[in-house]
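Reviewing the structure listed below.
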Amino acid sequence: SNISSTTERLNKSNAFYTSGFENDHITYDKANNRFVAVFTTGSSSVGQLYVVVGQNVTNAGIAWGTAVVVETNTTSSTWVYYDSYRERVVLLWTETAGGYARVGAVQASSAFNDSITFANTKTLIDGTAVAYSQVAAFDESTNKALVVFNNTSGGSNYTSNVSQATVDGSDAITFTTKAQWTTADIVQPDLVKAVHNNEHYFALIYRDNTSGQYDRPKIQNFRFNGNNVEVCGGTYIETGTNSGVMPNIAFNPDLEEFCATYIRAASGGCVVVQRLTATGTGTGITLQKQGSIEVLNNDSDSGNAYVAYHAAGKKYVIVYYSTSGGSTVQGGAYYIGKFGSNNQFVAEQTQVSNGVVINPSQNVTMNDEGRNTIVYDPDHKEVVTLLDNGTLSNGQTISINVTSTTLESNNFIGIATSTVADGEVLELTTQGGISTALANLKVGKQYYVQHNGSLGVGETSLEPVVEAGIAISETELIVKG
């Protein structure tokens, strides 16, 4: 059978905003096949909340409409998620007077200038304090979203709270009574919805900035039980102080595993990757580390790292940037890969040790709040992320396309004796036979089927590992039987 190559394509960088911006986040509207990005302005109009709609154009990147103001007050701590039940996007943000939410409906057009219409009212997330550092994830099994947020209660009295968010047919949003789950200082959170043995739950990753726990990356799990949010198990990924900042997480539903990334502060800024899987049931659901923590790059000035799961390619995409703008990662860089049998992340790229450079001519930076500003587009099968060109004056977007391989350990049946056209009969040397259709083999070497269909003396960099056979001459290979 044919083997499709494992390849990737970096689409052009398109601007979604051409002035200073901060606090950016992005989601994907599946009903309209549109991206929705939210951000606050920087130097030109300090603190206003903007939203912009974009459309993925094949091989041309994202065509963005005109960014519009949603809130004129000074804003921060933005987040946006997609409610697939109501087919609406929900914006969360912080003002001086409180943390708010608003529901919007995308108005798609074919002219690449899509708009979004919002409900007239904005709703307080927490009526008793200012909510900030909000993150949210939608649960299709209950048609509700989990919202996790901090609030101010004076001085250093930190609390983090959870609530359920529900959008009704009139585009009004309601929040259940908040429930405090910790007094820890929660910084740079990221939240994903997950499933374990048909149980639906959430995984929150954050930087624990509590006194005595500075910069420790931690996972906390939650689940819905009716109108209540139940706190499940929690675990530190690292326990040393100054061990991790800017944590982010992605869920792989095919294997029910997670890829967590963060910047190891104690190592000067390297990108760290960790595989995690769930154990237990009910409130006992807890994530466990699998394998050892892996330092992905050798750039000691990495500033942030985003991670997303590419469902079609069945791989993770990790994008990061360097605070130094050094020559190795100037313009940002990315990795594509997955975890091998030893739980270590195996990247496909070999171009440079620090990943594949996005734009060598420019220094690229990312959201400094640690937001996982990256999203998967299932329609175009691309991962899209928001970047800045390094001068806080131009919001860029890039899209990374990944194709998968059909190679499996059980579908290798032999080696073709010659090249034939489509529709013609193909003769094979099957397992146990001697293929004589090859050249320049190294006698005595074990050959493996690579993910692009060729043969190589080294194992393919990603699973599955498929042995082709052993060379007995420069032109003969005993096909593995």
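Quick caveat: nothing in here was measured; it's all calculated off a predicted structure.
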Between Asp208 and Arg216, does at least one N-O distance fall below 4.0 Å, as a salt bridge requires? no

So, does Glu22 use its side chain to make a donor-acceptor pair with the main chain of Thr40 at under 3.5 Å? no

Could you pull out all residues at least two apart from Asn32 that satisfy side-chain hydrogen bond (donor to acceptor under 3.5 Å, both in side chains)? Asp29

Carboxylate-amine/guanidinium proximity below 4.0 Å for Arg88 and Asp83: no

For residues 282-291, the side chain to side chain donor-acceptor pair (under 3.5 Å) pairs (sequence neighbours left out) are Thr277-Gln290

Establish, from distance only, whether the side-chain atoms of Asn23 and Ser76 form a donor-acceptor pair under 3.5 Å. no

Partners of Asp139 by salt bridge (charged side-chain N to carboxylate O under 4.0 Å, His left out), sequence neighbours excluded? Lys193

Can you list everything that forms a salt bridge (charged side-chain N to carboxylate O under 4.0 Å, His left out) with Lys381? Sequence neighbours excluded, please. none

For Asn198, check side-chain contact (heavy atoms from CB on, under 4.5 Å) against everything at least two apart and list the hits. none

Can you tell me if Glu71 uses its side chain to pair, donor with acceptor, with the backbone of Asn73 under 3.5 Å? yes

Taken in chain and number order and not counting sequence neighbours, the residues that satisfy side-chain contact (heavy atoms from CB on, under 4.5 Å) with Leu255 are Asn252, Glu257

Partner set under salt bridge (charged side-chain N to carboxylate O under 4.0 Å, His left out) for Glu87, not counting sequence neighbours: none

Using a strict 4.0 Å threshold on nitrogen-to-oxygen distance, state whether Glu238 and Arg264 make a salt bridge. yes

For Gly99 and Gln134, which heavy atoms make the closest approach, and how far apart are they? CA-NE2, 3.9 Å

Would you check if the side chain of His25 reaches a backbone N or O of Val80 as a donor-acceptor pair within less than 3.5 Å? yes

Which pair of heavy atoms, one from Tyr201 and one from Val195, lies closest together, and at what distance? CE2-C, 3.7 Å

Anything under 3.5 Å between a donor and an acceptor, one on a side chain of residues 162-170, the other on a protein residue two or more places apart or in another chain? List them.
| from | atom 1 | to | atom 2 | distance (Å) |
| --- | --- | --- | --- | --- |
| Ser163 | OG | Thr176 | N | 3.3 |
| Ser163 | OG | Thr176 | O | 2.7 |
| Ser163 | OG | Thr176 | OG1 | 3.3 |
| Gln164 | OE1 | Lys144 | NZ | 3.2 |
| Gln164 | NE2 | Gly226 | O | 3.1 |
| Gln164 | NE2 | Asn228 | O | 3.3 |
| Asp168 | OD1 | Ser170 | N | 2.9 |
| Asp168 | OD1 | Ser170 | OG | 2.8 |
| Asp168 | OD1 | Asp171 | N | 3.2 |
| Asp168 | OD1 | Ala172 | N | 2.9 |
| Asp168 | OD2 | Ser170 | OG | 3.4 |

For Asn197, give me all partners under side-chain hydrogen bond (donor to acceptor under 3.5 Å, both in side chains), at least two apart in sequence or on another chain. none

My understanding is that only residues two or more places apart in sequence, or in another chain, count here; which of them pass side-chain hydrogen bond (donor to acceptor under 3.5 Å, both in side chains) with Asn143? none

Treating Glu256 as the side-chain partner and Asp254 as the backbone partner, does any N or O pair qualify as donor plus acceptor under 3.5 Å? no

Results of side-chain hydrogen bond (donor to acceptor under 3.5 Å, both in side chains) for Asp379 - residues two or more places apart only: Tyr28

Identify the two heavy atoms, one from Tyr132 and one from Ser77, that lie closest to each other, and give their separation to 0.1 Å. CB-OG, 4.0 Å

Under the rule for ring-ring contact (aromatic ring centres under 6.0 Å, His included), what residues qualify as partners of Phe251, not counting sequence neighbours? Phe258

